[in-house]
Amino acid sequence: MAGYSRGHTTESGGMRVTDWTDFEWVVWRLEVQDPQRLVGGEPDLEERTQEAMTELAASLGCVYDSCVDYDSYDDETPYYAWWVRLPQAEHARLDKDGLPLAIAPLRQYLTTQLPDGLAWEIAPDRELTYDHATAWPCGPPTTI
């Protein structure tokens, strides 16, 4: 699991994202890829994890947003993803790998719901961060 680049400039919805400090909230995506289909045919991960992710995110000062548990890449590799909004203060508190400290307990919980051997990718979601910032200029709602 690698960190991410804070100074990276990216186009996002017509806006150049050059500094995450421009956002009061940053949306993070926790994704696992399942090329060997270890999770199985009907994972129901959204239903199984929604309540716990909502409560855990709230206890960390964050907001659980959503989960995708029935999607795949163009090569038909299934993936499962969860999105969590972190306030700027939590986004800026980093661990030794360069990830926000609030991400570790969320990932740890998710690993209890998944089989071993899945490939993790954890990164801020530029597009959703921008979308949330423009949809809720005064900050996002605290419940979904």
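If you read the sequence from its start, that first residue is 1, and numbering goes on from there. Nothing here was measured: the structure is a model prediction, and the numbers come from that model.
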Novice: Would you give the length of the straight line joining atom CD of E46 to atom CG of D69, rounded to the nearest 0.5 angstrom?
Specialist: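 Spacing of CD (E46) from CG (D69) equals 5.5 Å.
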
Novice: Can you check whether T129 reaches W25 side chain to side chain, under 4.5 Å on heavy atoms?
Specialist: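 Not touching, per the 4.5 Å side-chain cut-off.
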
Novice: Do side-chain atoms of R48 reach the backbone of Q113 as a donor and acceptor pair under 3.5 angstrom?
Specialist: yes

Novice: Going by heavy atoms in the side chains, are L45 and L114 under 4.5 Å from each other?
Specialist: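 They are in side-chain contact.
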
Novice: Verify, without hydrogens or angle tests, whether Q33 (side chain) and Y80 (backbone) share a donor-acceptor contact under 3.5 angstrom.
Specialist: no

Novice: Please answer: with hydrophobic residues joined when any side-chain heavy atoms are less than 4.5 Å apart, are L38 and L110 in the same cluster?
Specialist: yes

Novice: Taking G98's backbone N and O only, do any of them form a donor-acceptor pair with D95's side chain (distance below 3.5 Å, no angle check)?
Specialist: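 Yes.
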
Novice: Between E90 and P100 (side chain of the first, backbone of the second, donor and acceptor by atom type, cut-off under 3.5 Å), is there such a pair?
Specialist: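 Pair absent, no side-chain N/O of E90 close to backbone of P100.
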
Novice: What I'd like to find out is whether the side chain of T77 reaches to under 4.5 Å of the side chain of S72, using heavy atoms alone.
Specialist: no

Novice: Quick one, D71 and P78 - any side-chain contact, counting heavy atoms below 4.5 Å?
Specialist: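 Side chain of D71 against side chain of P78, heavy atoms only: no contact under 4.5 Å found.
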
Novice: If you round to the nearest 0.5 Å, how far is OG1 of T54 from OH of Y64?
Specialist: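 Y64 atom OH to T54 atom OG1 measures 6.0 Å (nearest 0.5 Å).
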
Novice: With a 4.5 Å heavy-atom cut-off, do L106 and L30 have their side chains touching?
Specialist: yes

Novice: Measure from the side-chain N and O atoms of D97 to the backbone N and O of L99, and report whether any donor-acceptor pair falls under 3.5 Å.
Specialist: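 No; zero donor-acceptor contacts below 3.5 Å.
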
Novice: Are D34 and Y79 close enough that a side-chain donor and a side-chain acceptor fall under 3.5 Å?
Specialist: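 The answer is no; no qualifying pair exists.
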
Novice: Is the number of heavy atoms from other residues, nucleotides or ligands within 6.0 Å of CG (D116) greater than 12?
Specialist: no

Novice: Return the minimal non-hydrogen interatomic distance between A102 and L86, and the atom names on each side.
Specialist: CB-CD2, 4.3 Å

Novice: Is a donor from one side chain sitting under 3.5 angstrom from an acceptor on the other, for S66 and W82?
Specialist: no

Novice: Which value, rounded to the nearest 0.5 Å, describes the distance between E31 atom CD and L118 atom CG?
Specialist: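 Reported to 0.5 Å precision, the distance equals 11.0 Å.
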
Novice: Has R85 got its NZ or CZ under 6.0 Å from the middle of the six-membered ring of W28, at an angle within 45 degrees of the ring axis?
Specialist: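 Pair R85/W28 does not count as cation-pi.
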
Novice: With a 4.5 Å heavy-atom cut-off, do I122 and R29 have their side chains touching?
Specialist: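 No. Closest side-chain heavy atoms not under 4.5 Å.
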
Novice: Any chain of hydrophobic side-chain contacts (each under 4.5 Å) joining M53 to W120?
Specialist: yes

Novice: Do D125 side-chain atoms and V27 backbone N/O form a donor-acceptor pair below 3.5 Å?
Specialist: no

